Amino acid sequence: MTKPSPFRYFKTSPEIIRLAVMLYVRFPLSLRNVEDLLHERGIDVSHETVRFWWNRFGPLFASEIRRKRVQQLRMYSNWQWHLDEVFVKINGELHYLWRAVDHEGEVLETYVTKRRDRKTALKFLRKTMNRHGKAEVLVADKLRSYGAAMKIIGNAGKQETGRWKNNRAENSHLPFRRRERAMQRFRRMRSLQKFVSVHASVFNHFNQERSLSQRDHFKANRTAALTEWRGLCAA
């Protein structure tokens, strides 16, 4: 039995919807910026329509990307994870965005909480391990919650801490920070969790590490990523 198309009740073509969602999630643009860019291409939609499309199709696109990448990432035998937290304010109240990044900069997992204790760290680690398996090395900062949680799991011997060792995770925060400024912060934990999950998948999909590859390889990988994006959720 074929799965029904998620675009079946929409008059707008799936290509335009995918383009609008990609522009909003991938680049630090506001909803009105996306509306203006689409208008320049002869597509007349309102920013509220772009908001609806992103809320409706963003998680669908992200889940399809994530499912394919998890199958590939599980084949790594010598896997190194970098764990770190980002301070995020929601309506003036401080929250914590837990993030796990692998040795190549792939964002593995994101988790938004109000606390930064052992119970929260344990839940975050188990969530990441259930989806991606186990890592050989876990690089983290000197937050005691990580050590306490890893003792319960049995990974205390795999943890590494040290100055500059966790720069991979620190640098991976920058795309999210740029996006956060463009969105003028968040108002609910639920909306933050939803956006960072989608943003992480889209960032992984289009991240080509252009400074580490030749121009021909970069162009080929970029074209392949864009072609795969245009086929997401296709009937």
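Quick note: numbers below take in every heavy atom, side chains included, and nothing from hydrogens, waters or symmetry partners. Here the structure is a predicted model, which means the values were calculated and not measured.
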[X]: what forms a side-chain hydrogen bond (donor to acceptor under 3.5 Å, both in side chains) with it, not counting sequence neighbours?
X: E180; result: R177
X: D117; result: T120
X: Y111; result: K123
X: T110; result: none

Discussion item. Show me the pairs that pass side chain to side chain donor-acceptor pair (under 3.5 Å) and involve residues 185-200, at least two apart or across chains.
Written reply: N55-K194, Q193-S197
Practice prompt. Scan for side chain to side chain donor-acceptor pair (under 3.5 Å) pairs involving residues 92-101, sequence neighbours excluded, and state none if there are none.
Written response: W98-T113, R99-S172, R99-H173
Practice prompt. Mind checking ring-ring contact (aromatic ring centres under 6.0 Å, His included) for F27 and listing every partner two or more places apart, or none if nothing turns up?
Written response: none
Worksheet item: Is any NZ, NE, NH1 or NH2 atom of the basic residue among E106 and R69 found under 4.0 Å from an Asp or Glu carboxylate oxygen of the other?
Response: yes
Worksheet entry | Distance, nearest 0.5 Å, that separates OG1 of T128 from CG of L125 | 6.5 Å
Worksheet item: For the atom pair CD (Q159) and CG (L83), what is the distance rounded to the nearest 0.5 Å?
Response: 8.0 Å
Kindly write out the residues that satisfy salt bridge (Lys or Arg N to Asp or Glu O under 4.0 Å) with [X], not counting sequence neighbours, or none if the list is empty.
X: K114; answer: none
X: R56; answer: none
X: K127; answer: E109

Discussion item. Is there a side chain to side chain contact (heavy atoms under 4.5 Å, CB included) between L108 and W81? Walk through the geometry before answering.
Written reply: CA-CA 9 Å; L108 304 177; W81 293 356; 3.4 Å; yes
Worksheet entry | Geometric class of the W54/Y24 ring pair [parallel <30°, tilted 30-60°, perpendicular >60°] | tilted
Discussion item. Assess the residue pair E228 and K68 against the criterion (side chain to side chain contact (heavy atoms under 4.5 Å, CB included)); give the C-alpha distance rounded to whole Å, side-chain angles, the decisive distance to 0.1 Å, and a yes or no.
Written reply: CA-CA 11 Å; E228 186 177 350; K68 295 179 181 179; 3.7 Å; yes
Item to complete: Would you please indicate if the ring centroids of F10 and F57 are separated by under 6.0 Å?
Response: yes
Enumerate, atom names and distances included, each donor-acceptor pair closer than 3.5 Å involving a side-chain atom of residues 139-154, sequence neighbours excluded.
from: D141; atom 1: OD1; to: L143; atom 2: N; distance (Å): 3.2
from: S145; atom 1: OG; to: R116; atom 2: O; distance (Å): 3.1
from: Y146; atom 1: OH; to: E85; atom 2: OE2; distance (Å): 2.6

Item to complete: Apply side chain to side chain contact (heavy atoms under 4.5 Å, CB included) to F87 and L97, showing your working.
Response: CA-CA 6 Å; F87 297 90; L97 172 60; over 6 Å; no
In residues 39-47, what donor-acceptor pairs under 3.5 Å come from side-chain atoms, sequence neighbours left out?
from: S46; atom 1: OG; to: T49; atom 2: N; distance (Å): 3.3
from: S46; atom 1: OG; to: T49; atom 2: OG1; distance (Å): 3.0
from: H47; atom 1: NE2; to: R32; atom 2: NH2; distance (Å): 3.4

Worksheet item: Can you check whether A225's main-chain N or O pairs, donor with acceptor, with H205's side chain at less than 3.5 Å?
Response: yes
